[in-house]
Amino acid sequence: MKLILDLDTGIDDALALTYALGHPEAEVIGVTTTFGNETLEQATANTLDLLSLLKQEDIPVFEGAVFPWGTADYQTTDDLHRVHGFNGIGNVSLPKSKRTSESESAVDFFLRAAETYGNELKIVTAGPVTNLAEAIKKDAEVMNKVGRIVIMAGALTIPGNLSPFAEANIYNDPLAAEFVFTSGASFTMVGLDVTLQTMITQKDMEYWTTIQTEAAQDITEMTTYYYTNEYGGGEFGGALHDPLAVEVALNPEILTETLAINLTVETTGPSIGRTIGELARLNQPLKTAVVGLSVDSSQFLERFFTVTSQILANN
Ligand code: BDR
Ligand code: CA
């Protein structure tokens with residue numbers, strides 16, 4: 001199936017990209033980038049460098065949003081540096097790609113791909129949903145042709161990670177998220193509710209450490225930084241947020257419990273960035289969101305490490 005990944009290329013984005021590129025059922029037709037874990041410029045550079053590391057230089061990269069809706073500024077924070085390092089990829093220096101991004105924008109690429117591939121196309125967003133919001137705003141009818149939109153963002157039944165209420169990808173652009181959630185577009189939400197059921201530790205990466213390729217070494221180093229820092233290391237480790245969204249796009253049955261609901265996002269006040277059911281659409285029979293509540297994490301983790309080990313060994 002044709003897949004577009006929309007990334008704010010930090011470490012779990014890098015893992016999502018590695019997983020999708022190695023997955024036999026995924027054909028990554030392009031990667032779009034956004035601010036988020038990093039500035040747009042750094043997220044794009046990380047994406048190009050990762051594609052080069054994994055010898056996938058034919059996959060085009062399209063730049064998207066520089067800033068969240070409603071502002072003309074974006075700064076990364078200490079919280080983001082703690083989880084993803086100062087360069088977004090755990091302070092690992094990858095060999096520099098010689099490529100640049102395409103001149104076409106992320107939004108225009110979404111629309112062109114939606115028109116060309118329709119139902120065959122799946123879009124996975126793994127950063128703030130600003131690019132998706134702009135594409136829906138520009139042409140909702142064309143975006144409606146996309147086969148499935150999977151959004152890694154939000155927390156419905158548990159607390160957030162950037163605030164007690166908000167998950168990072170929502171917190172970083174609540175206005176764009178509110179627009180998408182209330183736009184009428186259908187999507188699957190892969191939020192912290194399920195991604196925190198997919199924690200990894202050093203033990204899970206043991207096999208990677210035996211693979212003697214530069215790709216394996218670099219990905220292992222950045223993932224070690226990530227699992228050590230995201231939730232303080234030790235037993236708890238780091239969550240495969242963005243890779244799980246790729247899995248759900250390819251294999252929605254991995255979610256063992258879901259809730260159909262009409263969602264919105266709080267855009268002001270102390271609970272800014274909270275994902276919650278929208279009262280005004282409570283009694284509408286048509287629900288636009290499917291929210292993941294449980295996941296078969298052992299099946300997913302096994303497939304994730306099998307697929308990534310193969311691609312890392314081949315590069
Ligand atoms: C999400 O926020 C980012 O830090 C991660 O890359 C992931 O997309 C988790 O809340
Ligand atoms: Ca991300």
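Side chains are part of it too, since the values below use all heavy atoms of this structure and drop only hydrogens, waters and symmetry mates. All values reported here derive from a predicted model rather than from experimental measurement.
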For this session: Check whether any side-chain N or O of N262 sits under 3.5 Å from a backbone N or O of R281 as a donor-acceptor pair, and report yes or no.
Result: yes
For this session: Could you tell me the separation between the OG1 atom of T275 and the CZ atom of F181, rounded to the nearest 0.5 Å?
Result: 6.5 Å
Problem set entry | Side chain T33, main chain L7, donor-acceptor under 3.5 Å | no
Problem set entry | Donor-acceptor under 3.5 Å (E230 side chain, A239 main chain) | yes
Exercise. Where do E57 and S52 come nearest, in terms of heavy atoms and distance?
Worked result: OE2-OG, 3.4 Å
Exercise. Do T130 and T34 have side-chain atoms, one donor and one acceptor, less than 3.5 Å apart?
Worked result: no
Problem set entry | Donor-acceptor side-chain pairing of N315 and T213 below 3.5 angstrom | no
For this session: Could you check N161, D12, T195, N169 and say which one makes a side chain to side chain donor-acceptor pair (under 3.5 Å) with H241?
Result: T195
Exercise. Should the heavy atoms of other residues, nucleotides or ligands under 6.0 Å from NZ of K203 be counted, would the total exceed 12?
Worked result: no
Problem set entry | Side-chain H-bond candidate by donor/acceptor type, E134 with W69, under 3.5 Å | yes
Exercise. Can you check whether Y225's main-chain N or O pairs, donor with acceptor, with N229's side chain at less than 3.5 Å?
Worked result: yes
Problem set entry | I11 reachable from L48 in the ILVMFWY side-chain graph, under 4.5 Å edges | yes
Exercise. Could you give the distance from OG (S271) to CD (E266), rounded to the nearest 0.5 Å?
Worked result: 3.5 Å
Problem set entry | Residues Q42 and N46: side-chain donor-acceptor under 3.5 angstrom | yes
Exercise. Between Y19 and H23, how do the two ring planes meet: parallel, tilted or perpendicular, split at 30° and 60°?
Worked result: perpendicular
